Amino acid sequence: MSETVHALIPRLRAICGDDGVITDSAQRRTYESDGLAYHAAIPGVVVLPTSTEQVADVVRLCSENGVPFVPRGAGTGLSAGALPHSGGVLIVTSRMRRIREIDIDNECAIVEPGVANLEVTRASAPHGYYYAPDPSSQQVCSVGGNIAENSGGAHCLKYGFTVNHVLGLEIVTPSGEVVRLGGKSAEAPGYDLLGAFIGSEGTLGIATEVTVRLMRAPQRVTTVLAAFESMDAGGSAVSDIIAGGVLPAAVEMMDALAIEAAEAAVACEYPEGAAAVLIVELDGPAADVDAQFDAVTELCRHNGAFEIRTASDAAERARIWKGRKSAFAAVGRISPAYIVQDGVVPRTALGEVLHRISELSQRSGIRVANVFHAGDGNLHPLVLFDDSDPEAGERAEEVSGAILDLCIEHGGSITGEHGVGVDKVCTMPRMFGPADLETMDRFRGAFDPDGIANPEKLLPTPRLCGERPGVRKGEHPLVAEGTAELF
Amino acid sequence: MTRVRSEDPAAALGAHGTALREATNADAVGGRIPRYVATPPDTDAVSALLSAATRHGLACVARGNGTKIDWGAPPRRVDVVIDTSALRGVDHAAGDLVVRCGAGTSMATLRETLAAAGQRLSADTPVRDSTLGGLIATGLSGPRRMLHGPLRDLIIGMTTVRADGVVASSGGRVVKNVAGYDLGKLHTGALGTLGVTTSVTLRLHPVPPARRAVTVTPGDVARARELTRDVLRSHVVPAAIELDWPHGGQPGLRVLVEGAEGGIEARATEVAELLGSGVIAPEPDQGWELLPGVAGDTVIRLAVPLTDVAHAVTTLRDTADAAGVPASIRGSMGAGVLHAALPADADPRAVSGIIRGTRNAVTRGSLTVPHAATPLREEVAERGPDLLWGEVAGLGLMRAVKDRLDPDHLLSPGRFAGGI
């Protein structure tokens, strides 16, 4: 523990109470990484504040002493955005988990940042409402973490991301000031700092209260599973569905290797012999969904689907989603280690990019399982390797990096939903030029002139770059517990 | 700031293919007459132009078609108007439901191009003849914001030139993307105070095959709010719920449903039943998406929680009636953002009284004045911009952002909240 941080401990205890400050090294170690376990650092000290005032006091103390701080929600992030600073304070929001208000008449809820994403929907469901962003870790991931990452989920094709569903925030800025951005109304005067804060990965401060928009639960949800003999056929069905003017809530695809892994792990019983499985979920007014359903199944058949299954209740839907939702964890059954990639390509480039990934895989001898949000071109290739072979690890990293190159080459993005964090900080210059990055850094400096808020994340620094992208080894602790799933 | 006195400002501004002319009275911005009007042909020319303007300490204001050039407070200074009309070009990737276009592209051109492929930008054009850049700078959204979100939600990438001429992009060409800060959000509604936007990438939607507009005259705004709540609680998923309350008329409520041909009648009928005596039409009336009033009117914007809409709107109307100022009100009951128009020739003291009186009654949300008609603008120039914005939370951070991106305050200086 650094001396500066050590000197702060009595004052941190005065702010958060004895039980709100963790100094024991074994206990601190439990916070050493987030969902991307490859990156680890033991935090100087961990604090567990229970109120905005405590967060503000802690941050002010950091600011006055030039000590870096890192915000952390549930620790499910996949880009090491919550990687602690060994000489800093880790501010964990897990004790700020009250739902303060469900206001159905104004179609919103006010929650503390540590509230789990799914809790918001659970609390709104009795009123017939829900919170739309649904990252796959939604049972445990926190709303505050969703703010930091601008989380999406399978249904963001139709409903957008966290930024489209947040009306207001109370934030503690890196100087310890409490500022309200927005509220229960749809817009607020001045610059849209609210919109720019969401997705800022903890580099502009900490959200201490969140006003989220609630949506009326759809009248009908219909889920279609279609099996194809080739990825090309499945991809062509997706293109036709989108071109046909249908906007499904979700369009997901898995290739043969991903299906094999899912079968081994959860026996999802997808159609035998499928080289590609497509899941299309439609929701909305019943009459609208029924019309779209006919169009979607027709387009799947037209593109050679050899089996189509339909789910119209929650249990049937869960069966269809089972394989898809387990896919990340499931590859552990067919490979000792793997890298989860998160890249985006324009949808029209999907076919070409998948072919190129397949070529990369053949050339390198590294297997790649493809699981992706086909509707918006968000790829999650799982690069499989044997970590007992150091050369295989290196080759896997090369393949993973080459996949990102393909995304950039086709006009896409280096991250669709996992964020930059530490993991992709050195990849940023491949997507953005020096002027773009310097402009972003100016914006960051307006909030954090001293560079103490989650430093060395999001924007590249000379010290950090040169490190390799992360490798996932084994299961995430939350997945092992059965409290989270990744996808 | 380094000023190069030996360089002729006009020659510097007119380099890189930029057409430069002396300004006339017709080029005024908020009553301030600039010295030059520059028409750069592309982003590089905008970069050279702004870099030259900074060297000479010249204040710049970007202008599209000029329909909202007088919005915001009168700038403290304006030396150069940057005419974006040559920054056109529409690059439509129909298969990806994405379009990239120059900021000077007119919304009408964009609409036509997209319609040819059966697609649209699901944001309305509340002021006729607007350019894309103009809508973005003023942060103006229409009725469909209720379902599709405000314009900013449809922007997925942006290229903007900073005051010092540095060209910076954020976002990208794909809808799903969380790499880096989303600076497009920051520029939307910033009245050109943080940079000159030259190119924008937008997310598109397929044009829904069918639509219906259902209208009713609910008697008063409180009843309109109750009906709005009923429609929101139903399963019809309307694209818009609009109030239209012209001066001297009754408040009307209009619900727009869009979607598959097969389902549209059932949804429209359900809305008509919810509204009691709703009348179904195949299309909304022409001009329904426009701001109330006429060009030149003072425009007031109310942005309040849904439950406060009726109170805010009624207070504004009553206060205006009491002051003898005719007010027309129109806007989204479903999003809680509405506009009122007060005639340009209304007594500025009466208008400021209406603004202050209504603002005091709006306890949650905000009342702002996007456009002040000439006499009121003069009062704002004299007394400061607070009348237009009221209290702005986070102003300290906003000033810090301005200082970082435009340290010499040369972009639309004074046009924004807090005198930014």
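Values in this document were obtained by computation on a predicted structure and should not be read as measured data. Numbers restart at 1 for each chain; the letters A, B, ... are given by sequence-line order, proteins then strands.
Taking each heavy atom of Ser185(A) and Pro305(B) in turn, the nearest pair found is CB-N, 3.8 Å.
In this structure, chain A has heavy atoms under 4.5 Å from both the backbone and the side chain of Leu232(B). Contact annotation for Ser141(B): neither backbone nor side-chain heavy atoms come within less than 4.5 Å of a heavy atom of chain A. Proximity to chain B is absent for every atom of Val289(A), based on heavy atoms less than 4.5 angstrom apart. Neither the backbone nor the side chain of Arg399(B) has a heavy atom closer than 4.5 Å to any heavy atom of chain A. The contact between Val337(B) and chain A is made entirely by side chain atoms (from C-beta outward), counting heavy-atom distances below 4.5 Å. For Thr368(B), the part lying near chain A is the side chain, with the backbone staying farther off; criterion is any non-hydrogen pair under 4.5 Å. With a threshold of 4.5 angstrom between heavy atoms, Leu395(B) does not approach chain A through any atom at all. For Leu186(B), the parts lying near chain A are the backbone and the side chain together; criterion is any non-hydrogen pair under 4.5 Å. Only the side chain of Thr173(A) comes within less than 4.5 Å of a heavy atom in chain B; its backbone stays farther off. In this structure, chain A has a heavy atom under 4.5 Å from the side chain of His205(B), while its backbone stays farther away.
Note that CG of Leu437(A) and OH of Tyr181(B) are 11.0 Å apart. Values are rounded to the nearest 0.5 Å. Atom CG of Asn106(A) is separated from atom OG1 of Thr307(B) by 3.5 Å, given to the nearest 0.5 angstrom. The distance from atom NZ of Lys185(B) to atom CD1 of Ile198(A), rounded to the nearest 0.5 Å, is 8.5 Å.
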Derivation and outcome, side chain to side chain contact (heavy atoms under 4.5 Å, CB included), residues Tyr191(A) and Lys402(B): CA-CA 10 Å; Tyr191(A) 296 139; Lys402(B) 172 73 172 179; 4.0 Å; yes
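For the options Arg173(B), Arg229(B), Arg267(B), heavy-atom pairs under 4.5 Å to chain A are most numerous at Arg267(B). The greatest number of non-hydrogen atom pairs below 4.5 Å with chain A, out of Glu391(B), Arg203(B), Glu270(B), is found for Arg203(B). Contact tally against chain A (heavy-atom pairs below 4.5 Å) for Val304(B), Asp403(B), Asp308(B), Val207(B): the top residue is Val304(B). Among His127(A), Glu187(A), Lys184(A), the residue with the largest count of heavy-atom pairs under 4.5 Å with chain B is Glu187(A). Between chain B and the residues Cys108(A), Gly182(A), Gly445(A), the largest count of heavy-atom pairs under 4.5 Å involves Gly445(A). Here Val401(B) is the residue among Val98(B), Asp182(B), Val166(B), Val401(B) with the most heavy-atom pairs under 4.5 Å with chain A. Between chain A and the residues His187(B), Arg233(B), Arg364(B), the most heavy-atom pairs under 4.5 angstrom are made by Arg233(B).
Two residues are said to be in side-chain contact when any heavy atoms from C-beta on lie closer than 4.5 Å; Asp288(A) and Glu258(B) fail this criterion. A heavy-atom distance below 4.5 Å is not found between the side chains of Val174(B) and Asp376(A). Met440(A) has its side chain within reach of Ser170(B): a pair of non-hydrogen atoms, C-beta onward, lies under 4.5 Å apart.
For Asn177(B) (side chain) and Ser413(A) (main-chain N/O), no donor-acceptor pair under 3.5 Å exists by modelled atom type. Looking only at distances, a side-chain donor or acceptor of Asp96(B) sits under 3.5 Å from a matching main-chain atom of Arg347(A). A distance-only check finds no donor-acceptor pair linking the side chain of His373(A) to the backbone of Lys176(B) [under 3.5 Å].
A donor-acceptor contact under 3.5 angstrom links the side chains of Thr439(A) and Arg162(B), judged on distance only.
Between Arg404(B) and Asp441(A) there is no salt bridge, since no side-chain nitrogen of the basic residue lies less than 4.0 Å from a carboxylate oxygen of the acidic one. Of the charged side-chain nitrogens involved, at least one lies within less than 4.0 Å of a carboxylate oxygen, so that Asp164(B) and Arg442(A) count as a salt-bridged pair.
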